[in-house]
Amino acid sequence: MIPRITIAEAGRHAGETVQLAGWLYNLRRSGKIAFPILRDGSGLMQCVAVKSSLPEELFETIKNLTQESSIMVTGKVRAEQRAPGGFELDVENVEVLQRVPESDPYPITPKEHGIDFLMDHRHLWLRSQHQHAIIRVRHEVIKAVRDYFDSHGFTLVDTPIFTPAACEGTTSLFEVNYFDDAKAFLTQSGQLYNEATAMAFGKVYCFGPTFRAEKSKTRRHLTEFWMVEPEMAYAGLEDVKRVAEEMIVFIVGRVLENRREELKRLERDVAKLEAIQAPFTRMSYDDAVKILQSKGSEIQWGGDFGGTDETLLTADRDRPLMVDRFPTSIKAFYFEPDPERPDVVLGVDVLAPEGYGEIVGGGQRIHDPELLLRRIEEHHLPKEAFNWYIDLRKYGTVPHGGFGMGIERCVAWICGLEHIRETIAFPRMLHRLSP
RNA sequence: UCCGCAGUAGCUCAAUGGUAGAGCAUUCGGCUGUUAACCGAAGGGUUGUAGGUUCGAGUCCUACCUGAGGAGCCA
């Protein structure tokens with residue numbers, strides 16, 4: 001019985017006859033020799049078919065294979081300097097499961113394509129090397145996130161996707177029918193529910209899809225994205241900052257450890273990632289505004305950063321930047337005010353270097369029931385909808401805090417991508433709902 | 001939602017208001033070590049849609065559609 005292996009394992013089988021199962025990535029041929037390159041999801045393998053050592057019919061079959069045809073190849077693995085990857089397979093047999101017809105060839109050729117065409121063919125584009133590398137880095141980032149929290153005493157408690165009301169009231173939500181007469185909204189954050197589970201488990205995190213109906217049309221926005229949100233009881237702003245910093249350093253370290261090959265394929269400057277070490281630069285909102293003004297930004301105290309402001313602040317830094325103590329007026333209702341300065345809140349944003357902007361936002365939450373009620377009124381939020389949330393302050397309230405990190409923004413930064421849309425298999429954007 | 005930009009062969013792009021072209025892909029032929037292989041040939045077009053200016057429009061004007069970029073909002 002000939003063993004079936006993956007291309008990634010081929011190096012351990014040099015000299016053995018094995019079977020590979022995959023798709024034809026490319027084919028170069030001359031009259032009497034052909035080099036089919038096989039793709040199986042784990043890597044690429046150059047195969048060699050020599051006319052003189054194969055039955056004529058088989059050689060003709062190989063010579064006429066079309067791109068992305070599904071095939072199983074049997075042959076002997078051999079170390080070969082000239083082959084990409086260092087190993088080659090001498091073809092003994094090829095079984096064709098489906099030959100892609102030349103009347104309707106595979107649309108994504110080895111040449112360049114425009115973004116619109118590629119997005120329309122996203123279901124096929126995922127087969128290409130570049131996309132493959134990005135999705136694998138994403139996998140590593142997600143695994144690192146989970147490993148970090150799992151090994152630091154956090155319990156995974158996922159929060160609902162159907163919610164009855166806005167979590168923050170400021171941004172728009174996707175509305176869906178919920179049976180006969182009720183409306184539900186797709187969640188834009190698990191945070192409020194996290195605050196409940198943190199009072200039950202101490203340290204928790206949720207990780208799932210999040211939805212924003214904002215009509216944002218930039219390289220940093222999706223309407224559906226994945227967010228990890230830790231929340232900790234008996235914790236303040238400094239604890240939030242420390243955990244965010246530790247987590248980011250851990251994630252980048254893991255990607256460097258396990259996904260070098262992918263980063264190389266993405267032509268990522270690895271030195272920039274190796275520089276991601278604690279401590280990150282810490283800065284108050286006040287100082288950030290002064291720096292921005294000195295660099296020519298129009299920002300005034302009390303205003304929020306624009307995309308160009310974030311770039312100005314981080315472009316010449318080699319580590320993430322933590323900005324804290326934002327004006328109360330520009331932040332959500334649940335932020336705890338600074339006890340020494342009630343006009344600012346104990347919130348923090350983490351801005352990735354190289355101009356990638358905000359990847360983490362969080363802070364300390366209000367734990368005083370009186371203040372929370374006042375804020376709900378000031379923001380004109382329906383108090384009844386928040387009864388359960390107010391209960392958390394009635395029954396054993398404690399200082400607590402947490403943050404959210406957008407996975408796609410983090411992956412875009414680590415991969416060094418221009419646009420967030422390639423960091424998720426099937427991106428959902430303002431004008432893109434398919435495939 | 002706002003501001004400019006673009007739309008020509010399956011794909012990526014050319015074409016001064018005057019005969020619609022190239023590379024890749026596809027088909028046929030050649031080549032025993034190719035590396036987005038190479039060489040030769042062939043097929044492939046309602047120039048986004050509708051109207052207008054002009055002897056003549058891919059090119060100029062108007063509207064619409066679609067897309068990509070940026071702004072605002074945000075992770």
Looking for any heavy atom pair under 4.0 Å, which part of the strands does [X] touch: base, sugar-phosphate only, or nothing?
X	result
Leu222(A)	base
Gly31(A)	base
Asp349(A)	nothing
His221(A)	base
Glu229(A)	nothing

Relative to the ring of Tyr193(A), is the ring of Trp388(A) parallel (under 30°), tilted (30 to 60°) or perpendicular (over 60°)? parallel
Check the angle between the aromatic planes of Phe386(A) and Phe333(A) and answer parallel, tilted or perpendicular using the 30° and 60° thresholds. perpendicular
Using a 3.5 Å limit on both pairing distances, list the dot-bracket string of RNA chain B from the 5' end; Watson-Crick and G-U wobble pairs count, crossing pairs take [ ], interstrand pairs take |. (((.(((..((((....[..)))).(((((.......))))).....(((((..]....)))))))).)))....
Check: protein-nucleotides 20-28 of chain B nitrogen or oxygen pairs below 3.5 Å:
unit_1	atom_1	unit_2	atom_2	d
U27(B)	OP1	Glu102(A)	OE1	2.7

Output one letter per nucleotide in nucleotides 2-8 of chain B: B when a protein non-hydrogen atom lies under 4.0 Å from the base, S when only the sugar-phosphate is that close, - when neither is. -------
So how far is it from Arg365(A) CZ to Glu336(A) CD, rounded to the nearest 0.5 Å? 11.0 Å
For RNA chain B, which residues of [range] approach it to below 4.0 angstrom with any heavy atom?
range	value
residues 124-155 of chain A	none
residues 410-422 of chain A	His419(A), Ile420(A), Arg421(A)
residues 7-30 of chain A	Asn26(A), Arg28(A), Arg29(A), Ser30(A)
residues 356-365 of chain A	Glu358(A), Ile359(A), Val360(A), Gly361(A)

With respect to the side chain of Thr308(A), which nucleotide from C73(B), C74(B), A71(B) is positioned closest? A71(B)
Rounded to whole Å, the CZ-P distance (Phe403(A) to A75(B)) equals 14 Å
In whole Å, I'd like the distance from the CD1 atom of Ile33(A) to the C1' atom of C38(B). 15 Å
Per-pair distances, 0.1 Å, donor-acceptor, side chain in residues 305-314 of chain A, under 3.5 Å, sequence neighbours excluded:
unit_1	atom_1	unit_2	atom_2	d
Asp309(A)	OD1	Ser297(A)	OG	2.7
Asp309(A)	OD2	Gly306(A)	N	2.9
Glu310(A)	OE1	Arg220(A)	NH2	3.4
Glu310(A)	OE1	Glu358(A)	N	3.2
Thr311(A)	OG1	Gly307(A)	O	3.0
Thr314(A)	OG1	Glu310(A)	O	2.9
Thr314(A)	OG1	Gly355(A)	N	3.3

Side chain to side chain donor-acceptor pair (under 3.5 Å) partners of Thr109(A), counting only residues at least two apart: His113(A)
Partners of Asp324(A) by side chain to side chain donor-acceptor pair (under 3.5 Å), sequence neighbours excluded? Lys241(A)
Could you pull out every donor-acceptor pair under 3.5 Å between side chains of residues 31-47 of chain A and any protein atom, sequence neighbours left out?
unit_1	atom_1	unit_2	atom_2	d
Arg39(A)	NE	Glu68(A)	OE2	3.2
Arg39(A)	NH2	Glu68(A)	OE1	2.7
Asp40(A)	OD1	Ser42(A)	N	2.8
Asp40(A)	OD1	Ser42(A)	OG	2.8
Asp40(A)	OD1	Gly43(A)	N	3.2
Asp40(A)	OD2	Ile7(A)	N	2.9
Asp40(A)	OD2	Ser42(A)	OG	3.4
Ser42(A)	OG	Ile7(A)	N	3.2
Ser42(A)	OG	Ala8(A)	N	2.9
Gln46(A)	OE1	Arg28(A)	NH2	3.0
Gln46(A)	NE2	Glu88(A)	OE2	2.9

Is there a stack between Phe35(A) and G33(B), judged by ring centres under 5.5 Å and planes under 30°? no
Strictly by salt bridge (charged side-chain N to carboxylate O under 4.0 Å, His left out), give each pair with a member in residues 89-98 of chain A just once, sequence neighbours left out. Arg78(A)-Asp90(A)
